Amino acid sequence: MNATSVSPHPTSSQGSYDAVVVGAGFAGLYAVYRLRKMGFTVRVFEAGSGVGGTWFWNRYPGARCDVESYEYSYSFSPELEQEWDWTERYPAQPEILKYINHVADRFDLRRDIQINTRVKSAHFDESRDYWTVTTEKGDSVTAQFVIMATGCLSAPRVPDFKGLKRFKGEWYHTGDWPHKEVSFAGKRVGVIGTGSTGIQAIPVIAAQAKHVHVFQRTPNFSLPARNGPQDPQKAKQMKAHYPEVREKARWSGNGYALLGDVPAKGALEVSDEERNATYERCWEIGGPTLPRSYNDTVFNKAANDTACEFVRNKIRQIVKDPKVAEMLCPTGYAIGTKRLPIDTDYFATYNRDNVTLVNVRNAPIEEILPNGLRTTEATYELDTIVFATGYDAMTGSLLAVDIRGSQGRELREKWSAGPRTYLGLQTAGFPNLFMVTGPGSPSVLSNMVTSIEQHIEWISDCMDNLRKQGATRIEADLKAEDAWVEHVNQVGSKTLYPTANSWYMGANIPGKPRVFMPYIGGVGNYRIKCNEVAAKGYEGFRLGGAALTSARSA
Ligand code: NAP
């Protein structure tokens, strides 16, 4: 920075705020916008050197959102909706990051956001109902409320392979991608992982690299995105009908309006011909709709099997080498129970001469070598390794902060057998600490922007309500929390989700408790519940504070 330029972001913090927000992604930015508008003082701490959260870190080749662009955007400002034009059906990472930066500038949000600052701890002082938040840079501030806007997929995980430190080439985790261009030209590249990220990155890397070895542990279902330039007619329609579209999304099952209503029929209620025609139509349209075209594929294994077999047959048609095709065919779990990727040319990439698929389920990776890696069966020479190995999802970024509530109780200890929350918004014993899209809320099973807006609105309205009542404290009641956890588990257990080894279940992290973390009861139903709770004076929460206590005893 030269002497005349001034960063719009503050560089250090002391003092006291109404709220500290951790993270400046979609959630953190909206929190600043709303809290400021309501007259609260707010300070955001952001670990990255810019705003954007997930879309700041995930700069890997091919990174793209699989929610259609016009729905993956804020709904709080009609002006913003009208002035922004998306260029593609599914927005690529650079365009989303540009949008987020536009929002930060347009609403002058940066002056409350301190970048390059990772939060280290948050400790509650119960004698005064406030939190002390410290950062790795040495800031120490107090705040009545802490809002964890840390994202569900923001603690990247590199498996604990022996020898990684000795690797002489370059290695990257997709969720912590360098801010410089990474060239794969002439390189022998190993990609480990075939989740949504690997599936997006592999075709793009293969188009540049000398050779790509894909190390696959579990084959994944994937559906064609059919991405392309934004249809101007569709964009016009969307802008003309934004209020209705957003309203529909808010009360829908998963926070999208474009995906339509729950279908009337089950997959086994129709003839094979009709079902195949439906699946074929979904395959051609692109996007994640295929398993959602019937109302029972989430619950009924036989119904789900029909969609699995349809996709496996597509893989067999696309991939020319029958052996490779079979290696790519997922078996043993239901489609959709591991997060369903959508792709551009993923399976066809295995027809390239410079791509080799390696099964590391049968022969796991044993060691990273200075010039490659070794499985239990063979050695592979590599110049570059890309870890598309995922995240400590949903709880990782929360537990990365040393959070201590009443009586110094640690969140890490409270959640040692899995996360427990009331509505995914709070956890008992940690007053005035809110989570955005926390475990126990629809979060990762929904359009994140829809869910983020709902949470920030609920939390800020709650803060406003407490202020009006003279309350300084709100805390989830343990009984209400237990009942909510029970409900989340009950709803989840009616589906096929718990049968898969997914990150939804914590199954990707050795030793992580096996719990189905998101709430699958639906975005609309969840919103009704949250609104009811607020309307009943925050039922299931305990409110407290000096003014409130004296008003009640008067
Ligand atoms: P992921 O879904 O957890 O996939 C990680 C991959 O790494 C899996 O294939 C996993 O195999 C493999 N893996 C992990 N440890 C391994 C090991 N020791 N040896 C070999 N393979 C190993 O992670 P992700 O692909 O980064 O995606 C995470 C989530 O981010 C997605 O599910 C999605 O919600 C989100 N995302 C969204 C988009 C989008 O909007 N388009 C794009 C990218 C990511 P196993 O399956 O056997 O565990």
Side-chain angles (χ1 to χ4, degrees), residues 26 53-55 57-69 71-72 88-93 96 151-162 164 172-177 190-202 204 213-223 225 227 254 256 287-288 328 330-333 336-344 346 357-368 373 375-376 385-394 396-397 437 443-449 500-510 512 517-518:
F26 268 103
T54 287
W55 302 104
W57 298 105
N58 279 266
R59 296 162 187 252
Y60 62 85
R64 188 179 290 288
C65 183
D66 56 12
V67 178
E68 295 205 25
S69 52
E71 289 221 74
Y72 195 76
E88 290 180 277
R89 177 178 178 187
Y90 293 101
Q93 175 270 335
I96 304 173
C152 297
L153 294 155
S154 35
R157 180 181 169 266
V158 176
D160 195 11
F161 292 128
K162 197 169 88 183
L164 182 57
Y172 311 100
H173 188 285
T174 50
D176 191 8
W177 200 260
V191 180
I192 305 174
T194 52
S196 295
T197 302
I199 280 176
Q200 288 185 331
I202 288 160
V204 184
H213 278 93
V214 177
F215 298 94
Q216 171 189 270
R217 188 164 65 184
T218 310
N220 219 332
F221 292 102
S222 183
L223 303 172
N227 185 41
N254 40 31
Y256 311 78
L328 287 165
T331 53
Y333 66 94
T337 54
K338 280 166 90 86
R339 169 62 142 68
L340 183 59
I342 61 172
D343 71 89
T344 299
Y346 174 63
L357 182 64
V358 181
N359 178 342
V360 291
R361 166 73 63 200
N362 297 347
I365 297 168
E366 279 222 317
E367 185 181 8
I368 308 291
L373 66 76
T375 69
T376 53
I385 302 177
V386 173
F387 289 91
T389 44
Y391 298 86
D392 184 353
M394 304 201 70
S397 56
T437 62
S443 60
V444 292
L445 299 177
S446 70
N447 175 357
M448 289 300 281
V449 189
N501 290 322
S502 66
W503 59 254
Y504 297 131
M505 299 294 299
N508 63 325
I509 305 289
K512 190 165 173 174
M517 292 182 282

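What you see is a predicted model, and the numbers here were worked out from it, not measured in a lab. Counting starts at 1 for both ligands and their atoms, following the listed order.
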If we ignore angles and hydrogens, is there a donor and acceptor under 3.5 Å between the side chains of [X] and [Y]?
X      : Y      : result
Asn58  : Gln93  : no
Arg89  : Ser69  : no
Ser222 : Asp343 : yes

Could you work out, for atom 46 (O) of ligand 1, the closest of Gln93, Lys338, Gln216 by heavy-atom distance?
Lys338
Residue part near ligand 1, for [X], under 4.0 Å between non-hydrogen atoms:
X      : result
Arg64  : backbone
Ser196 : both
Tyr72  : neither
Ala388 : backbone
Phe161 : side chain
Leu153 : side chain

Are Thr197 and Phe387 packed together at the side-chain level, in the sense that at least one heavy-atom pair is separated by less than 4.5 angstrom?
no
Who's the nearest protein heavy-atom neighbour of [atom], and how far?
atom                    : answer
atom 24 (P) of ligand 1 : Thr197 OG1, 3.2 Å
atom 3 (O) of ligand 1  : Trp503 CD1, 3.4 Å
atom 9 (O) of ligand 1  : Thr194 N, 2.9 Å
atom 10 (C) of ligand 1 : Arg217 NH2, 4.2 Å

Could a heavy atom of [X] be found less than 4.0 Å from some atom of ligand 1?
X      : value
Thr174 : no
Ile192 : yes
Tyr60  : yes
Phe215 : no

Centre-to-centre under 6.0 Å for Tyr72 and Tyr90, is that the case here?
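Here the rings of Tyr90 and Tyr72 have centres that are no less than 6.0 Å from each other.
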Short question: side chain of Asp66, backbone of Pro341 - any donor-acceptor pair under 3.5 Å?
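Side chain of Asp66 to backbone of Pro341, a donor-acceptor pair under 3.5 Å: no, none is there.
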Can you name the atoms of ligand 1, numbered from 1 with element, that are less than 4.0 Å from a heavy atom of Arg361?
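Going through ligand 1 atom by atom, the ones under 4.0 Å from Arg361 are 47 (O).
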Atoms of ligand 1 close to Gly193 [distance to a heavy atom under 4.0 angstrom, numbered from 1]:
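Contacts of ligand 1 toward Gly193, numbered from 1: 6 (C), 7 (O), 9 (O), 12 (C).
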Considering non-hydrogen atoms only, spot the tightest contact between Ser443 and Met394 and give its length.
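Heavy-atom minimum between the residues: OG-CE, 3.2 Å.
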Is Lys338 close enough and on-axis enough to Tyr504, meaning under 6.0 Å and within 45°, for cation-pi?
no
Evaluate Thr218 for polar contact with ligand 1, using N/O atom pairs at a separation under 3.5 Å.
yes
For Ala155, enumerate each residue passing the side-chain contact (heavy atoms from CB on, under 4.5 Å) test, keeping only those at least two apart in sequence or located in another chain.
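So Ala155 forms a side-chain contact (heavy atoms from CB on, under 4.5 Å) with Asp392.
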